[in-house]
Amino acid sequence: MHALLESGCTRLVLSGEIDLTLNAELTEAVADAEAAGLPVQVDARHVTFMDSSGIALLARLASRTPGRLTLIKPPDVVRFLLEVTRIGEMVDVVDTDERAPVVPGPAATPPDPA
């Protein structure tokens, strides 16, 4: 798990198995996000497993941070848990990541002043 403070939001990047073994890190991430006082985005695209501790993280973030929590590209295992627990009603799920880096191509090259 990585927490990134960006302009206008806090982004948490989750990957692998999100379970009880990460409880201390999850708790710290929620505290950091709350302290920042910014809307939160959770990039969940690389999560392979999530148990109730991961769902608890999402519920805490959704209820303790400003704005609606945004989940970016959650896999089916996470979507299923959001639906079953009804936490999905508290979050926005998006299938695109607006901050994906743009690789400049030939059209983005500035014109030659000569």
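Not measured: the values here are computed from a predicted model.
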Colleague: Is Asp92 paired with Arg68 through a side-chain N to carboxylate O contact shorter than 4.0 Å?
Modeller: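 Looking at Asp92 together with Arg68, the answer is yes, because their closest N to O distance falls below 4.0 Å.
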Colleague: Say you draw a straight line from OG1 of Thr85 to CE of Met90; how long is it, rounded to the nearest 0.5 Å?
Modeller: 9.5 Å
Colleague: Can you tell me how far the CD1 atom of Ile18 sits from the CG atom of Leu26, to the nearest 0.5 Å?
Modeller: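 Reported value, rounded in 0.5 Å steps: 6.5 Å.
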Colleague: Do Ile72 and Arg11 have side chains that approach each other closer than 4.5 Å (heavy atoms only, starting at C-beta)?
Modeller: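 Of all side-chain heavy-atom pairs linking Arg11 with Ile72, at least one is under 4.5 Å.
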Colleague: Of all heavy-atom pairs between Leu14 and Leu57, which one has the smallest distance, and what is that distance?
Modeller: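 Scanning both residues completely, I find the closest heavy atoms to be CD1-CD2, 4.2 Å.
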Colleague: Write down the atom of Gly8, the atom of Pro39, and the distance for their closest heavy-atom approach.
Modeller: O-CD, 3.4 Å
Colleague: Can you tell me how far apart CE (Met50) and CG (Leu22) are? Round to the nearest 0.5 Å.
Modeller: 10.0 Å
Colleague: For the hydrophobic clusters of this structure (ILVMFWY residues joined by side-chain heavy atoms under 4.5 Å, transitively), does one cluster hold both Phe49 and Ile55?
Modeller: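 No; Ile55 is not reachable from Phe49 via cluster members.
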Colleague: How long is the straight-line distance from OG of Ser53 back to CG of Leu58, given to the nearest 0.5 Å?
Modeller: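 Interatomic distance, Leu58 CG to Ser53 OG, rounded to 0.5 Å: 10.0 Å.
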Colleague: Grab the two heavy atoms, one from Leu69 and one from Val40, that are nearest each other, plus how far apart they are.
Modeller: CD1-O, 3.5 Å
Colleague: Would you say Leu71 and Val94 make side-chain contact, with heavy atoms under 4.5 Å?
Modeller: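 Side chain of Leu71 against side chain of Val94, heavy atoms only: no contact under 4.5 Å found.
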Colleague: To the nearest 0.5 Å, what is the distance between CG on Leu20 and CG on Asp51?
Modeller: 6.5 Å
Colleague: Please find the pair of heavy atoms, one from Gly37 and one from Pro66, that lie closest to each other, and give the distance.
Modeller: O-CG, 3.3 Å
Colleague: If you group Ile, Leu, Val, Met, Phe, Trp and Tyr by side-chain heavy-atom gaps below 4.5 Å, do Leu81 and Val30 land in one group?
Modeller: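 Yes; Val30 is reachable from Leu81 via cluster members.
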Colleague: What I want to find out is whether Arg45 reaches Asp95 closely enough, with some N-O distance under 4.0 Å, to be called a salt bridge.
Modeller: no
Colleague: Between Thr48 and Gly16, is there a donor-acceptor pair closer than 3.5 Å when you use the side chain of the first and the backbone of the second?
Modeller: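 Checked: pair present.
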Colleague: With side chains defined as the heavy atoms from C-beta onward, is the minimum distance between Val42 and Leu61 less than 4.5 Å?
Modeller: yes
Colleague: Indicate yes or no: at least one non-hydrogen side-chain atom of Thr10 is less than 4.5 angstrom from one of Thr65.
Modeller: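 No, every pair of side-chain atoms sits at 4.5 Å or beyond.
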Colleague: Could you check if a side-chain atom of Pro74 sits within less than 4.5 angstrom of a side-chain atom of Val93, using non-hydrogen atoms only?
Modeller: yes
Colleague: Do Phe80 and Leu82 land in one hydrophobic cluster if side-chain heavy atoms of ILVMFWY residues count as linked below 4.5 Å?
Modeller: yes
Colleague: Between Asp43 and Lys73, does any side-chain N to carboxylate O distance fall below 4.0 Å?
Modeller: no
